[in-house]
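To start, the structure under review is shown below, and the notes come after it.
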Amino acid sequence: MAYFDATRDEDKIEDDLAEKIAKLHRAAQTKLQDARSRRVAALASLKDWGETYNAIASLVDLPVAEATKLIRSIRSAQSPTAGNDLAASESEADTGARGSVTSPDPGRPADSRAGDARRSDRDVA
């Protein structure tokens, strides 16, 4: 009967559509993960070249905390045993060239105040 044939065809079309959508979704997720990995690797390479977290964040228009988190995430993924030693060495690297920089706000990274000495009173609103 034509009705049942049409119903079976509709079901097949819907199943094919769902399968194609799932395949596209998997492909898109793979591409997104690759792009995210390349983005984080690019930030880490800036850090390896000696840039501070503050400078990197300014360059790519991210909050310092997010840039720091992204860079540390790739480094911890590359070396799972680095953990706390990595964070300590990165903190020393950020402040080592300038001496010890302390921030009055514990939530604010120490290197975020590095440019304050260069600003004049006119620049601060």
Atom OG in S58, atom CD1 in I56: separation rounded to 0.5 Å?
10.0 Å

Looking at D48 and R75, does any basic side-chain N land under 4.0 Å from a carboxylate oxygen?
yes

If you group Ile, Leu, Val, Met, Phe, Trp and Tyr by side-chain heavy-atom gaps below 4.5 Å, do V64 and W49 land in one group?
yes

Can you find a heavy atom in the side chain of L46 that is under 4.5 Å from one in the side chain of I71?
no

Got a sec, which pairs hit salt bridge (Lys or Arg N to Asp or Glu O under 4.0 Å) with one end in residues 53-71, sequence neighbours left out?
none

What pairs with R26 under salt bridge (Lys or Arg N to Asp or Glu O under 4.0 Å), at least two apart in sequence or on another chain?
none

Can I get a per-line list of side-chain donor-acceptor pairs under 3.5 Å for residues 4-11, giving both atom names and the distance, sequence neighbours left out?
from: D5; atom 1: OD1; to: R8; atom 2: NH2; distance (Å): 2.6
from: T7; atom 1: OG1; to: Y3; atom 2: O; distance (Å): 3.0

Set of side chain to side chain donor-acceptor pair (under 3.5 Å) partners for D16, sequence neighbours left out
K12

Salt bridge (Lys or Arg N to Asp or Glu O under 4.0 Å) pairs touching residues 34-43, sequence neighbours excluded, are D34-R38

Under 4.5 Å between side-chain heavy atoms, chaining through other members, with only Ile, Leu, Val, Met, Phe, Trp and Tyr counted: pull out the rest of the cluster around L32, sorted by chain and number.
none

Taking Q29 as the fixed residue, which of K31, H25, Q33 is the one that meets the side-chain contact (heavy atoms from CB on, under 4.5 Å) rule?
H25

Within the structure provided, determine whether L70 and L62 are in side-chain contact (heavy-atom separation under 4.5 Å).
yes

I need the L59 CG to N54 CG distance, nearest 0.5 Å.
11.5 Å

Within the supplied structure, the quantity of interest is the number of heavy atoms (other residues, nucleotides, ligands) at a distance under 6.0 Å from E19 CD; does it exceed 12?
no

